[in-house]
2 protein chains.
Amino acid sequence: MDGEGRSIADDSVPSAAETPTLAHVARLAKVSENTVSRVIRNKGPIAPETRLRVNAAIDALGYVPNRAAGSLASSSSPIIGVILPSLSNIVFPEVLRGINAGLIGTSYRPMIGVTDYSLETEQDIISSLLAWHPAAIITTGFEHTTAARRMLEGSRVRIAELMDIDDRPIDLAVGLSHREAGRAMARHLVQRGYSRIGYVGHDWTADRRARLRYEGLCEGLSETGLSLVAEYRTEAPSSTLEGRRALASLLADGAAIDAAAFSNDDMAVGGFMHCMAAGMPVPDGLALMGFNGLEIGQVLPKPLTTVLSNRFAIGKTAIEALLETPQRPQEARIIDTGFSIIEGATA
Amino acid sequence: MDGEGRSIADDSVPSAAETPTLAHVARLAKVSENTVSRVIRNKGPIAPETRLRVNAAIDALGYVPNRAAGSLASSSSPIIGVILPSLSNIVFPEVLRGINAGLIGTSYRPMIGVTDYSLETEQDIISSLLAWHPAAIITTGFEHTTAARRMLEGSRVRIAELMDIDDRPIDLAVGLSHREAGRAMARHLVQRGYSRIGYVGHDWTADRRARLRYEGLCEGLSETGLSLVAEYRTEAPSSTLEGRRALASLLADGAAIDAAAFSNDDMAVGGFMHCMAAGMPVPDGLALMGFNGLEIGQVLPKPLTTVLSNRFAIGKTAIEALLETPQRPQEARIIDTGFSIIEGATA
DNA sequence: CTGTTAGCGCATTCAA
DNA sequence: TTGAATGCGCTAACAG
């Protein structure tokens, strides 16, 4: 006996350790389960007092809808699959931060996967995310395995490809033109009067965008009749440490440059550290320019001249565009979140 | 007509845009759905050839189990709820990286929530994560609202509380003693011969661990007959910029210190930048010590003396301990991932 | 505006 | 070693 005066069949109140279900709420509110469901999802017309009764019952029981059941019944779930190349590079947590910001106030939640820059890993993650029938999948770049592309295109799930807009998206692309950013770097350095420009980069086999910036840089220079006078690429992923080493190597090779364009801010900050340690004045001895606009670059004794890439905005904008249109549209869309030069003191 | 020579009832092959289900696989492999389910979950005895047939059918159809259905039926899901205070502070993405590393090779996926250091937000996130009946929930610290604590304790879900071990966990705690880390900082500075020690910190109303380190620092000093000779706390969250400002303010107030202990590395790196910009020699004019062991501190012209906090290990260890024991054990457990002094060149 | 009727796709009893 | 039956908790038609 777990109740007094209640008939055996009365399970309007869930017993002790039992979690309440729609049925419990429905009974307590004296309506059908369906009505409770409608109230919760804010769907269809509900009489104000009915809504009140239902909400009271929900509160009384501390009812929390079972998402698995909801997803199964509706064959769709309030999950946003988020695929990131890496968590080591601060850039991607910042994108995730934007995604999260765009999700506040909704009942969607990000479910994440990290590819480590492997397209095969991305494919596995896509498959396992699709198993949840998510509302959307957000990934980076336009490169996917054939199987991955087929899965993405074949699903009715909305797809966003972030960071880059220099190619044709499956559904939605949000980011900036890295090629244009590279050209802008070239123009800036030339305008500032530098003419012997070197490039310091990291391994770009997995980082297509770094390569696009490099190409833009070269194009931008050649438009003014210049070209790179020296370049050095490490075989490691980008990091401050690598940047420091790479600039040191480039200079040790005797490169006669007056400015160094780096593949990104991590590398550039490392370069700055090398200059400090080596007693090389910046920018008079050597000008430095990065890409991304990370906080750390702006706290250097001389703020780094760089290109702001708006990572947060990329994530937030993507989510907003995705949630605005739950169905995948006929036409793919591209949203350019742009970039801007941060005029620091190093170039 | 969508097939030739096939009877109307033959749906062993899902039609065009239809995603295959267990039933499709079962029919193709000529076994019951049940058997397919067993093969997939590796449960119960299966005849080798049956397994082969089933796997072949799975591959042929490109079958991917519907997670919502599985979760509903088993009332548990391969989700790890991960609650982080922030994504702006690199420390938490690193913990997430550890969690992700511990999840590789499993079918669990992290579903994340960000509290922005608000306990009320944490409570909401806990409730919405519990709606998925996750395998575990990982959060930080021991402070939760009463309702949140009730939910966590009441659920049969495994709970890990990360970062800190200076209190009693609900189920599992993984981290380090921040109080001890503070004492270690004090001991290190004193051993190095510094005696006029100042403290530079950030807002700790939401960051209990920074406060614990501060208390440990004070205790450690007093054990050697010393005490802080100056301190400055900004009202902002920690950042390099704030660290730079804070040290500048402390020194502008005329503090006569020979060493500054910072609340963390972000603040300490900012302090280093101030010294560089102000022409103050480190460590001879002023010694600096941080906490965390971030990469950026190690790339400064002089590597930062700091305390390594093993964020990656915290995340990875937590996952491993959680997955090892799916049921919540009777006794709560504490795993100390420890810390170690990084003997840099700034103190 | 509300209730009734059917599943969603799988895991979990039980039998065989 | 395998199969048949049952239901997880909810949403989605359709009536009324």
Side-chain angles (χ1 to χ4, degrees), chain A residues 11-12 14 17-54 57-58 61-79 107 130-133 135 156 326, chain B residues 11-12 14 17-54 57-58 61-79 107 130-133 135 156 326:
Chain A
D11 51 349
S12 71
E18 202 181 2
T19 55
T21 71
L22 261 197
H24 294 121
V25 177
R27 249 164 242 142
L28 187 55
K30 300 194 191 309
V31 294
S32 73
E33 298 185 25
N34 196 311
T35 300
V36 178
S37 177
R38 285 193 189 103
V39 169
I40 288 169
R41 288 173 301 137
N42 238 315
K43 217 164 183 195
I46 298 287
E49 47 178 332
T50 305
R51 182 188 304 279
L52 251 47
R53 275 217 319 286
V54 170
I58 288 174
L61 297 177
Y63 169 72
V64 176
N66 180 324
R67 292 293 181 192
S71 300
L72 178 58
S74 68
S75 65
S76 80
S77 72
I79 288 177
S107 55
L130 248 14
W132 290 100
H133 294 270
R156 267 151 304 169
Chain B
D11 51 349
S12 71
E18 203 181 0
T19 55
T21 71
L22 261 197
H24 295 120
V25 177
R27 249 165 243 140
L28 187 55
K30 302 195 190 308
V31 293
S32 72
E33 299 186 23
N34 196 313
T35 302
V36 178
S37 177
R38 284 193 191 104
V39 170
I40 289 171
R41 287 173 302 134
N42 237 317
K43 220 169 181 190
I46 297 287
E49 46 177 333
T50 305
R51 183 188 303 278
L52 249 46
R53 275 219 316 289
V54 169
I58 288 175
L61 296 176
Y63 169 71
V64 176
N66 180 324
R67 292 292 181 196
S71 300
L72 178 58
S74 68
S75 65
S76 80
S77 72
I79 288 176
S107 56
L130 249 14
W132 289 101
H133 296 271
R156 268 151 306 170

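When reading the values below, keep in mind they use all heavy atoms of this one structure, side chains included, and skip hydrogens, waters and symmetry mates. Every value quoted in this text rests on a predicted model; they were computed, and no experiment measured them. Just so we're on the same page: letters track the sequence lines, and every chain starts at 1.
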CZ of B:R67 to OG of B:S74, rounded to nearest 0.5 Å, is 10.0 Å

Roughly, in whole Å, what's the span from OH in A:Y63 to P in D:dG9? 10 Å

At less than 3.5 Å, do the side-chain atoms of A:N34 and the base atoms of D:dT11 form a donor-acceptor pair? no

Quick check for you: to the nearest 0.5 Å, what is the distance between B:N66 atom CG and A:S77 atom OG? 9.5 Å

Among D:dT1, C:dT2, C:dG9, find the nucleotide with the atom closest to the side chain of B:P45. D:dT1

NE2 of A:H24 to CD of A:E33: how many Å apart, nearest 0.5 Å? 10.0 Å

For C:dG3, does either OP1 or OP2 sit under 4.0 Å from a side-chain N or O belonging to A:T35? yes

Between the base of D:dG9 and the side chain of A:R67, is there any donor-acceptor pair under 3.5 Å? no

Check this one for me: any side-chain N or O of B:S75 less than 4.0 Å away from OP1 or OP2 of D:dC8? no

B:S32 vs D:dT2: side-chain N/O to OP1/OP2 distance below 4.0 Å: no

Figure out the CD1/C1' separation between A:I46 and C:dG3, and round it to whole Å. 11 Å

Nearest whole angstrom, please: distance from the P of C:dA11 to the CZ of B:R38. 11 Å

In this structure, how many angstroms lie between the P atom of D:dA4 and the CG atom of B:L22, rounded? 14 Å

Given atom CZ of B:R27 and atom C1' of C:dG9, what is their separation to the nearest angstrom? 12 Å

May I ask you to say what A:T50 touches in the nucleic acid, namely base, sugar-phosphate or nothing, with a heavy-atom cut-off under 4.0 Å? sugar-phosphate

Looking at side-chain heavy atoms only, is the closest gap between B:H133 and B:L72 below 4.5 Å? no

Of the options C:dC10, C:dT12, D:dG9, whose atoms approach the side-chain atoms of A:T21 most closely? D:dG9

Taken to the nearest whole Å, NE2/A:H133 to C1'/C:dG9 is 9 Å

Quick one: B:K30 NZ to D:dG3 P, roughly how many Å, whole number? 12 Å

Minimum-distance nucleotide to B:A47 side chain [options: C:dC10, C:dA11, D:dT1]: D:dT1

Over all strands shown, is A:L72 touching base, sugar-phosphate only, or nothing at heavy-atom distances under 4.0 angstrom? base

Quick one: NZ on A:K30 to OG1 on A:T35, what's the gap to the nearest 0.5 Å? 14.5 Å

Whole-Å distance separating the CZ atom of B:R51 from the C1' atom of D:dT2: 13 Å

